[in-house]
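Read through the structure below, which is laid out as structure tokens, and then see the notes.
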Amino acid sequence: MTDASDTSEYGAECGAECGGGNAGERAAIAAAVDGELRLHDPAVRASADGVRLLDPEFVEIGASGRRWTYEEMVAALPTLHGTGADSPRIEASRMRGVLLAPDLVHLTYESVIAGRRARRSSLWRKGEGDTGWRLYHHQGTPVPEG
């Protein structure tokens, strides 16, 4: 299991996983991976940077089954996983990215938070102008023990 703060593994993996792709494809996937991993960082989640990484039309279906809107996530983001000194951190592994369209990247990976595993899927959408890549949709599905 690799800590989500180690981005080097994901960048290397994506190059091979993306079939080499052109520079634009690799850059788009790298931007989505970077954004996803930044959202795993408690300091980013607790700041305005975390909010800027969410698309205004963001929706999440959490591993708990809860549906989150943009407004609900913005309000909760600073208090989610890993914000306290003793809070569990998000560990991510097997991250893969695919460019679905010039402005849409699909990421999949597995996470472990406090011993609970989930398979995760994120859609990152490139915004207009200078807004950059933002998380548009996220879903977590629990992995049963055993």
Side-chain angles (χ1 to χ4, degrees), residues 1-21 25-127 131-146:
M1 201 56 56
T2 302
D3 188 297
S5 63
D6 179 10
T7 60
S8 60
E9 173 190 337
Y10 301 115
E13 186 174 310
C14 180
E17 191 61 32
C18 302
E25 290 176 56
R26 288 191 305 271
I29 293 168
V33 168
D34 179 63
E36 191 79 28
L37 295 176
R38 288 181 62 215
L39 282 172
H40 291 184
D41 181 338
V44 171
R45 281 198 309 277
S47 72
D49 287 341
V51 172
R52 282 192 287 271
L53 289 170
L54 298 179
D55 189 276
E57 296 179 36
F58 170 83
V59 173
E60 175 174 332
I61 301 167
S64 66
R66 178 177 176 178
R67 183 182 186 280
W68 295 81
T69 64
Y70 172 83
E71 292 79 12
E72 291 167 333
M73 185 57 72
V74 166
L77 200 57
T79 65
L80 293 176
H81 312 292
T83 54
D86 296 331
S87 297
R89 299 293 187 239
I90 301 169
E91 298 176 36
S93 65
R94 301 181 193 174
M95 190 170 287
R96 306 245 189 302
V98 175
L99 185 70
L100 300 177
D103 61 348
L104 190 65
V105 171
H106 181 222
L107 299 180
T108 57
Y109 62 100
E110 289 189 16
S111 70
V112 177
I113 304 170
R116 293 183 313 246
R117 288 182 51 220
R119 290 191 178 93
R120 300 196 174 267
S121 176
S122 293
L123 289 173
W124 284 80
R125 181 164 76 170
K126 188 164 188 336
T131 60
W133 289 89
R134 292 180 172 175
L135 183 56
Y136 174 71
H137 184 272
H138 183 81
Q139 180 163 353
T141 303
V143 176
E145 291 186 33

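Values below: all heavy atoms of this structure, side chains included; hydrogens, waters and symmetry mates excluded.
- Under the side chain to side chain donor-acceptor pair (under 3.5 Å) criterion, Gln139 pairs with no residue at all, not counting sequence neighbours.
- The side chain to side chain contact (heavy atoms under 4.5 Å, CB included) check on Asp49 picks up Arg38, Val44, Ser47, Arg52, with sequence neighbours excluded.
- Considering Leu100, Ile29, Leu135, Asp103 in turn, Leu135 is the only one that fulfils the side chain to side chain contact (heavy atoms under 4.5 Å, CB included) rule with Trp124.
- Here CG of Leu39 is found 6.5 Å from CG of Leu77. Values are rounded to the nearest 0.5 Å.
- In this structure, the side chains of Arg119 and Val143 come closer than 4.5 Å at one or more pairs of heavy atoms.
- Listed here is the closest heavy atom pair of Ala31 and Trp133: CB-CD1, 3.4 Å.
- A salt bridge (Lys or Arg N to Asp or Glu O under 4.0 Å) check over residues 53-68, counting only residues at least two apart or in different chains, returns the pairs Asp55-Arg125, Glu57-Arg125.
- Proximity of His137 to Phe58: side-chain heavy atoms (C-beta onward) are nowhere separated by under 4.5 Å.
- Atoms CD1 and CZ, on Ile113 and Arg116 in that order, are 7.0 Å from each other to the nearest 0.5 Å.
- Residues meeting the salt bridge (charged side-chain N to carboxylate O under 4.0 Å, His left out) test with Asp41, sequence neighbours left out: none.
- Smallest separation of non-hydrogen atoms from Leu99 and Ala28: CD1-CB, 3.8 Å.
- For Thr131, the side chain to side chain contact (heavy atoms under 4.5 Å, CB included) partners two or more places apart in sequence, or in a different chain, are Arg134.
- Looking only at side-chain heavy atoms (C-beta outward), Val105 and Val98 stay at 4.5 Å or farther from each other.
- Of all heavy-atom pairs spanning Ala63 and Ala118, the tightest one is CB-CB, 4.3 Å.
- By the 4.5 Å heavy-atom criterion applied to side chains, Leu54 and Tyr70 are counted as neighbours.
- Summarising the geometry of Ser93 relative to Tyr109, their closest heavy-atom pair is O-CB, 3.4 Å, with the distance given to 0.1 Å.
- Paired with Arg120 under the rule side chain to side chain contact (heavy atoms under 4.5 Å, CB included), one option of Met95, Glu36, His138 passes, and it is His138.
- Looking at every heavy atom in both residues, Val74 comes nearest to Pro78 through O-CD, 3.7 Å.
- For the residue pair Trp68 and Ala76, the shortest heavy atom distance occurs at CZ3-CB, 3.5 Å.
- Residues satisfying the side chain to side chain donor-acceptor pair (under 3.5 Å) criterion with His106, sequence neighbours excluded, are Ser121.
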